[in-house]
Every structure is written in C-alpha cells, then in structure tokens.
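The analysis underlying the following values was restricted to heavy atoms, covering all of them including side chains, and did not include hydrogens, waters or symmetry mates.
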Amino acid sequence: HTHLNPVGAFRRLSKNSVWVWAGYMGVLAGFLILSFYGVVGGWTLAYVVKSLTATVTHFDSPREAGLFFNVFISNSVEVIIYQFLFMAICLGIVIKGVHAGIEKACKILMPTLVVMLVILMARVLVLEGAMEGVAFYLSPDFSKITPRVILVALGQAFFSLSLGMGCMITYGSYLSAQDNLTSSTILVVLFDTIIALLMGMVIFPAVFAMDLRPTEGPSLVFSVLPSVFAMMPMGEVVSIIFFILLTIAAITSGISLLEVVVAYFVDDRGWPRRKAVIVATLAIFLFGVPSGFSFGIMADARLFEMTFFDHVDNIASNYFLPIGGMLTALFIGWIWGVKEAKREIEKNQTRFYWVNQWGLLIRYASPLAVALIFINKLFF
C-alpha cells in the first residue's frame, strides 16, 4: 500500500508514532538473523568446496564426520573467510537492485534448487531401508508437543516464511497494483511447505537407509549426512549436489534478509543503493563475526550456558519474529483496519472470499495464540 520499507510503512499508516517501532523491530530482526545466518551460509559454502575436493566423502562413521565438522567450525579463521564469501555473494546480487539482481538471481536459483532436490530425492528413495526413514519422518508423535515445542515451531514457521522480520513488507512494497496478493500468498506458503517436505524426504530416508538414526539435531546435516553419502553409491556426486542445493537455499534467504536492511536505508535515509548495500553488508558481517567465533575462540564465552550465536538466534527467531508478527497482526486488525486491508488486497479486481474469517484471525486468533505461548514460556 505504501511502497515503503517496514519503518516507513508503519510510520505512514499510523498516526501514533509508537507503532513505527514494530517496523524498526522488523528491520533489526533481519539484521540479527543474517548476522548468524551468514555463518551457517558460510558452512554450506565450505562443504560445497570440501565435497568438490572429496574431503567430506570418505568418512566411515557419523562420529568421524562429526569430529571433522567440529574441527572445521572451531577453526575461526576458516569459518570467517567462508562467512565473508557468503556475504559477498549476497552483496553482489542485492547491489544490482530488485529486478536486475534479486529477481534475476531467483529466476535461476529457485528452479535449479527444485530440480536438484527432486533428483536427489529420487536417488535416495530407491536405497534399501529408505522407506523406514519415510515412515519415521511422516509419523508424528503428539506426546512430544509441549508449549516450548510450539514456540520453537512458531519461530521456525516465522523464519521460514520470513514473517515478522520485514521481508514480506519490503518485497510487498515492490509489487504493482496488478499483482494478485491472495494467490501470491497461497503460493508462497504452498511452495515453502513443499520444499521443506522434499528436503525431509531426502535427509531422513538417506539416514535410515544407512542404518543410522537422526539424533544429532540441526548438526545432522554436517555431522551425519557426509558419512551417509560416503556409504552411498555415487556418494560423491550426491554430496556435491546436496551442498550446492543447501547453498542456493541459503543465498536466496540471505538476499531477502539483506534487502530488508538496505530498503530501510534507501527509503528512510535517502542513501544511494550502492552505499546502502555496502554499509549494511559490512555491518552485518562484522556483527556476525562473534557468531562465527562462537564455536572456536569464543566457544567458552557463555552467558546462561549459551554462546553469542545461540543468543542472537534465540532473540531473533524465538522472540523478535513472533512478537513482530503479533504486532503486525494487531496493527492491521485494529489500527489500519481490516476494511482498509481488504480494499488494498482487492485493488486488481481480486475477490478476497475469506475476508471475514481472515479478519477474525488477524484481530483475535493470531495475536492471542502468540501471546498465550509466550506467557506459558515465561511463567510456566
């Protein structure tokens, strides 16, 4: 509606300047997330190189792969170099602008990601024992669902869909009146879910096919899968494809996060795009350096038993994103108004058939659900 970044959008639509802080929170969330996400992106980039040189395709067990990964992330110099390279790739794309940079890159990267993912899944699913992994993956254990699990899942959903961090507001500001918001929204959620499910259909069947169990959590990708690939026919090729795929996914997320911060400086501060991209990238990289050190020279620097990396991740993913989403829902539902939002959505002769149901969700259900989860986490 405003064709502005999160800060500018909230400021223009609100007579009460307090709401502009919801926009600032969105920009800050993008900044914080990319600061540690750049480190993880650097890991994926490093494993592409290590796969191409067959460095990570010779392990006899997950223990060996895990030890190699721990040695790698404890090498602070190497980690920072790959973090810098990852951020440099994001800078190179975003500095070209939305259409010549981000849009052009995504038109190439996203189809490549999907094709590679389908090829990888087809290869993994024919392995003996793979169906056991499929059964494990698709059979939920509802007894494991607790308020803490829901909070983390909510943070993951917000992270995956780029909600509460200003990405959707920023990208939305570039849409024309001819774009259909309802179909765009449905497609974003649909394809995001499909890609996530497909990735799971690669990882878990592969792990079970090699008679291993997924007990490593997030580090499974780097500490277990390399040993899986080593035992798999054509494992070297599969490893290369897999880590290229991960890097592509990381880059597409990285440029989205960077654009949020860049848009703020361009719109609100009037900076030239080139200056905004360079300054934002450099600031995010420097702030992310302690996250890169968190597994090496700063591994013992802990507060409440959490490293710098853990704290930034926890604050941004489990607090800023849900709170930002809750504030956005409250703002649209009660301040700007459902009627105004409906008018914007239906600009291009689009019919918003679920506006009444959506109005109830945006005004009551969504804010209340997030609030209850936080109350439970803080006091129970």
Side-chain angles (χ1 to χ4, degrees), residues 37 39-83 85-86 89 109 112-139 195-251 292 295-296 299 309:
Y37 194 79
V39 176
V40 179
W43 295 349
T44 66
L45 195 60
Y47 266 62
V48 170
V49 176
K50 295 177 189 299
S51 294
L52 288 169
T53 56
T55 309
V56 294
T57 54
H58 64 276
F59 302 115
D60 295 325
S61 68
R63 183 177 178 276
E64 287 186 27
L67 288 173
F68 178 88
F69 177 63
N70 290 332
V71 170
F72 162 61
I73 61 175
S74 65
N75 186 336
S76 297
V77 174
E78 188 177 10
V79 167
I80 297 304
I81 289 173
Y82 279 109
Q83 178 194 358
L85 291 174
F86 178 82
I89 292 172
L109 294 176
T112 303
L113 185 151
V114 174
V115 170
M116 293 176 71
L117 192 51
V118 171
I119 292 172
L120 206 55
M121 184 180 68
R123 176 67 189 92
V124 167
L125 289 179
V126 298
L127 295 173
E128 185 177 350
M131 289 303 108
E132 187 181 350
V134 174
F136 170 83
Y137 180 49
L138 299 180
S139 302
I195 294 296
L197 288 171
L198 286 176
M199 186 65 82
M201 290 293 286
V202 170
I203 293 174
F204 292 104
V207 170
F208 276 80
M210 297 299 113
D211 200 26
L212 300 171
R213 291 296 178 267
T215 57
E216 297 294 323
S219 63
L220 179 147
V221 169
F222 299 99
S223 63
V224 175
L225 288 184
S227 65
V228 172
F229 298 144
M231 293 183 279
M232 185 186 299
M234 296 180 63
E236 291 186 4
V237 176
V238 173
S239 178
I240 292 169
I241 293 174
F242 180 80
F243 285 110
I244 289 176
L245 187 155
L246 272 188
T247 303
I248 290 173
I251 290 170
F295 306 91
F309 182 105

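Scored by the side-chain hydrogen bond (donor to acceptor under 3.5 Å, both in side chains) test, T247 finds T44 as partners (sequence neighbours excluded). Under the rule for a ring-ring contact (aromatic ring centres under 6.0 Å, His included), the partners of F309 that lie at least two apart in sequence or sit in another chain are F36, F295. Looking at residues two or more places apart in sequence or on another chain, you find no side-chain hydrogen bond (donor to acceptor under 3.5 Å, both in side chains) involving S61. Looking at residues two or more places apart in sequence or on another chain, you find no side-chain hydrogen bond (donor to acceptor under 3.5 Å, both in side chains) involving S139. Partners of F86 under the ring-ring contact (aromatic ring centres under 6.0 Å, His included) rule, at least two apart in sequence or in another chain, do not exist in this structure. Listed by chain and residue number, L45, I93, I251 satisfy the side chain to side chain contact (heavy atoms under 4.5 Å, CB included) test with I89 (two or more places apart in sequence, or in another chain). Checked against salt bridge (Lys or Arg N to Asp or Glu O under 4.0 Å), E236 has no partners two or more places apart in sequence or in another chain.
The aromatic rings of F222 and W43 stand perpendicular to each other, their planes meeting at an angle above 60°, with 30° marking the opposite boundary.
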Do F136 and V207 pass the side-chain contact (heavy atoms from CB on, under 4.5 Å) test, and can you show the C-alpha distance, the side-chain angles, and the key distance before you say yes or no?
CA-CA 11 Å; F136 170 83; V207 170; over 6 Å; no

Starting from the C-alpha separation in whole Å, work towards a yes-or-no answer on side-chain contact (heavy atoms from CB on, under 4.5 Å) for F242 and M199.
CA-CA 10 Å; F242 180 80; M199 186 65 82; 3.9 Å; yes

If you apply the rule side-chain contact (heavy atoms from CB on, under 4.5 Å), what do you find for I240 with V48, and how did you get there?
CA-CA 6 Å; I240 292 169; V48 170; 5.7 Å; no

With a 3.5 Å cut-off and sequence neighbours excluded, list the donor-acceptor pairs that the side chains of residues 65-78 form with protein atoms.
residue : atom : partner : partner atom : Å
N70     : ND2  : G66     : O            : 3.2
S74     : OG   : N70     : O            : 3.0
S74     : OG   : V71     : O            : 2.8
N75     : OD1  : V77     : N            : 3.4
N75     : OD1  : E78     : N            : 3.3
S76     : OG   : I297    : N            : 3.2
E78     : OE2  : K50     : NZ           : 2.9

All N/O donor-acceptor pairs, side-chain side in residues 112-126, below 3.5 Å, sequence neighbours left out:
residue : atom : partner : partner atom : Å
T112    : OG1  : I108    : O            : 2.6
R123    : NH2  : P233    : O            : 3.2

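Residues Y47 and P226 have side chains in contact (heavy-atom distance under 4.5 Å, counting atoms from C-beta outward). By the 4.5 Å heavy-atom criterion applied to side chains, S239 and V56 are counted as neighbours. Side-chain contact between Y82 and V49: present, with at least one pair of heavy atoms (C-beta onward) separated by less than 4.5 Å.
The distance from the CG atom of L245 to the CD1 atom of I241 is 9.0 Å, given to the nearest 0.5 Å. Once rounded to the nearest 0.5 Å, the distance linking CZ of F243 with CD1 of I248 reads 13.5 Å.
The two residues L127 and A209 make their nearest non-hydrogen contact at CB-CB, 3.7 Å. Across all non-hydrogen atoms, the minimal contact from V221 to L225 is O-CB, 3.4 Å.
Judged as a salt bridge (charged side-chain N to carboxylate O under 4.0 Å, His left out), not a single pair has a partner in residues 112-122 (not counting sequence neighbours). Within the structure, salt bridge (charged side-chain N to carboxylate O under 4.0 Å, His left out) pairs that include any residue of residues 60-75 do not occur (at least two apart or interchain).
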